[in-house]
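Below: the structure, in C-alpha cells.
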Amino acid sequence: MGKMTSVLLLATLLLTACGNSGANGKTAEDTNTTNNTPTAAATQSAETTAPSPEVTASPTPEASADGGTTGSNNTASKDEASAEIPLLYHMNKNYDIVPNKETTNKKVVLLTFDDGPKDAEMINPLMDVLDKHQAKAIFFVNGYRVKAHPELLELIHNRGGIIGNHSWDHIVLKDKSYTEVKKQIEDVQNAVKEIIGEAPQFFRPPHGAGGDVGKKISAENGMLYMTWSNGSLDWEMKEKETGKTDKLIKNVTDQLHSGSNILMHELPWTVEALDKLLTTLEGKGYSFVDPRSIELKMR
C-alpha cells in the first residue's frame with residue numbers, strides 16, 4: 001500500500017511538472033508574440049501616418065534652392081516653400097520695391113537677370129554666388145532661348161531661380177498689335193509651364209518698352225509688369241574692355257537706393273562681378289528681397 005501511494009504521488013508530481021512546463025512554454029511564445037505585435041503595428045502606423053518631408057517641412061528659400069531633381073515631389077516642395085513666404089512688399093510706379101508695413105525692412109534690393117538662359121558655365125557660378133549670399137533673383141528668359149535649351153531653364157529653376165517672362169523674340173513690343181504682343185508673351189508662358197510646371201509671375205518687356213498693350217496682356221496673365229530702377233549697364237560693356245567689374249559695381253552703387261530694382265544680364269563679366277557687388281551691397285546695409293514676397297499688383 002505504501003508503495004502504491006508512493007507511485008501515485010510520483011506520477012502526480014510528474015504530470016504536474018509536465019503541465020507547468022507546457023504552460024510556461026506557451027506563455028513564453030505568447031509573450032514573444034505580444035511583444036512583437038505592438039512593434040510591427042507601431043512601425044506600420046509610423047509609415048502610414050507620418051507625413052512625408054515635403055508635407056511637414058516648411059522649406060526655407062535656401063532649402064528649396066539646392067540642385068534637386070525635377071519631378072512632382074520637387075515641384076510640390078517648391079510650391080509649398082512659395083506658399084510659406086508672406087507678401088511683405090509691393091512695387092510702386094517707379095518700379096521700386098516698397099515694404100507693405102513701416103516695420104518691414106525697406107533697405108532691400110531686387111536682383112534681376114535678363115536675356116537668358118544662355119550657358120550652364122555662367123548659370124552655375126552665378127547661382128553659386130546667389131547661394132553664398134542667400135539671395136534670390138528673377139531670371140527673365142526669352143522664349144527662343146528656352147526652346148533651344150530647355151535644360152538650362154530647368155537648371156535655373158532647380159537651383160532656386162525665379163523665372164520671369166521677357167517675351168519670345170526680344171523685340172520692342174510697344175508699337176506691335178495686341179495679337180502679336182499676346183503671342184510674344186503667352187508663348188513664353190506656355191513654354192515655361194510645360195518645362196518646369198509653372199508659368200512666370202513677372203514680366204519685363206525687352207528694352208523696357210512694353211507699352212499699354214504689354215501691360216494689359218501681362219495683367220491678363222496674372223503677371224507683375226516691371227522694367228527697372230537701377231541699371232548695371234553691363235549690356236553696354238565690351239568683351240575686351242578692361243575694368244568691367246569695378247565699372248559695373250560703380251554703376252549700381254551710384255544709383256543705389258532703398259528698393260532698387262537692379263537690372264543685370266547673363267554675361268561673363270556680370271558673373272565675375274557678382275560676388276563683389278553683393279558683398280558691397282551688404283556692406284552698405286542692404287539685403288536681397290525674395291521675389292516671391294512681392295505682390296503681383298503695382299500700387
Side-chain angles (χ1 to χ4, degrees), residues 87 89-98 100 108-118 136-148 153 156 161-196 198-237 251-252 255-267 270 289 291-299:
L87 296 175
Y89 296 89
H90 64 274
M91 182 169 288
N92 66 17
K93 293 181 180 180
N94 294 322
Y95 303 110
D96 286 324
I97 308 304
V98 181
N100 293 338
V108 297
V109 298
L110 174 64
L111 304 174
T112 69
F113 298 89
D114 285 13
D115 297 358
K118 291 181 181 178
K136 291 290 184 184
I138 303 175
F139 291 79
F140 286 101
V141 300
N142 294 123
Y144 76 93
R145 293 188 185 276
V146 169
K147 182 180 179 181
L153 183 76
I156 295 171
I162 312 303
I163 305 299
N165 185 325
H166 199 41
S167 85
W168 190 271
D169 289 311
H170 201 274
I171 59 175
V172 175
L173 299 175
K174 66 177 183 177
D175 298 324
K176 304 298 182 185
S177 69
Y178 178 91
T179 301
E180 187 171 358
V181 175
K182 183 178 177 69
K183 181 172 176 57
Q184 282 287 322
I185 293 175
E186 293 187 354
D187 281 359
V188 176
Q189 292 295 93
N190 294 333
V192 170
K193 186 173 183 178
E194 183 177 348
I195 295 167
I196 66 170
E198 56 190 59
Q201 294 185 311
F202 302 96
F203 174 69
R204 172 173 284 160
H207 312 287
D212 291 339
V213 174
K215 292 177 181 178
K216 177 178 173 59
I217 296 170
S218 175
E220 290 172 353
N221 283 272
M223 288 187 288
L224 176 62
Y225 177 103
M226 71 171 79
T227 59
W228 59 91
S229 63
N230 184 322
S232 67
L233 301 181
D234 59 353
W235 62 93
E236 293 185 353
M237 299 174 185
N251 288 340
V252 172
Q255 305 168 65
L256 189 60
H257 58 276
S258 291
S260 286
N261 179 354
I262 303 174
L263 168 62
M264 294 175 281
H265 292 76
E266 190 182 309
L267 293 166
T270 304
V289 67
R292 296 168 297 180
S293 69
I294 303 171
E295 294 177 358
L296 297 180
K297 188 174 182 180
M298 181 183 291
R299 59 187 175 94

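FYI, side chains are in, hydrogens and waters are out, and symmetry mates aren't considered; it's all heavy atoms of this structure.
Side chains of V192 and N165 form no contact here, defined as non-hydrogen atoms less than 4.5 Å apart. Taking the side chain as every heavy atom from C-beta outward, K93 and M298 approach each other to under 4.5 Å. By the 4.5 Å heavy-atom criterion applied to side chains, N100 and H90 are counted as neighbours. For the pair L296/F202, a side-chain contact is recorded, criterion being any heavy-atom separation below 4.5 Å from C-beta on. At a threshold of 4.5 Å between non-hydrogen side-chain atoms, the residues I294 and L110 count as touching. The shortest side-chain heavy-atom distance between I138 and R204 does not fall under the 4.5 Å cut-off. Looking at N142 and D169, their side chains never come closer than 4.5 Å, going by heavy atoms from C-beta outward. Looking at E220 and I185, their side chains never come closer than 4.5 Å, going by heavy atoms from C-beta outward.
Using cut-offs of 30° and 60° on the angle between ring planes, the pair H170 and H207 is perpendicular.
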**OP:** Report the C-alpha distance between V109 and N230 in whole Å, list the side-chain angles of each, state the deciding distance to 0.1 Å, and finish with yes or no for side chain to side chain contact (heavy atoms under 4.5 Å, CB included).
**Re:** CA-CA 10 Å; V109 298; N230 184 322; over 6 Å; no

**OP:** Take K136 and R292, measure what side chain to side chain contact (heavy atoms under 4.5 Å, CB included) needs, and give me the verdict at the end.
**Re:** CA-CA 9 Å; K136 291 290 184 184; R292 296 168 297 180; 3.5 Å; yes

**OP:** Run the numbers on V188 and V146 for side chain to side chain contact (heavy atoms under 4.5 Å, CB included), then give the verdict.
**Re:** CA-CA 8 Å; V188 176; V146 169; 5.8 Å; no

**OP:** Quick one: do M91 and I97 satisfy side chain to side chain contact (heavy atoms under 4.5 Å, CB included)? Show the steps, please.
**Re:** CA-CA 5 Å; M91 182 169 288; I97 308 304; 3.6 Å; yes

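Counting only N and O atoms by type, the side chains of S229 and N94 include no donor and acceptor under 3.5 Å apart.
Between the side chain of Q255 and the backbone N or O of G231 there is at least one donor-acceptor pair closer than 3.5 Å.
Around atom CD of E194, no more than 12 heavy atoms belonging to other residues, nucleotides or ligands sit under 6.0 Å away. More than 12 heavy atoms of other shown residues, nucleotides or ligands fall within 6.0 angstrom of atom NZ in K118.
Heavy atoms only, all atoms of each residue included: W168 and Y144 are closest at O-CD2, 3.0 Å. When every heavy atom of S218 is checked against every heavy atom of F203, the shortest pair comes out as OG-CB, 3.6 Å.
Here OG of S177 is found 11.5 Å from NZ of K183. Values are rounded to the nearest 0.5 Å.
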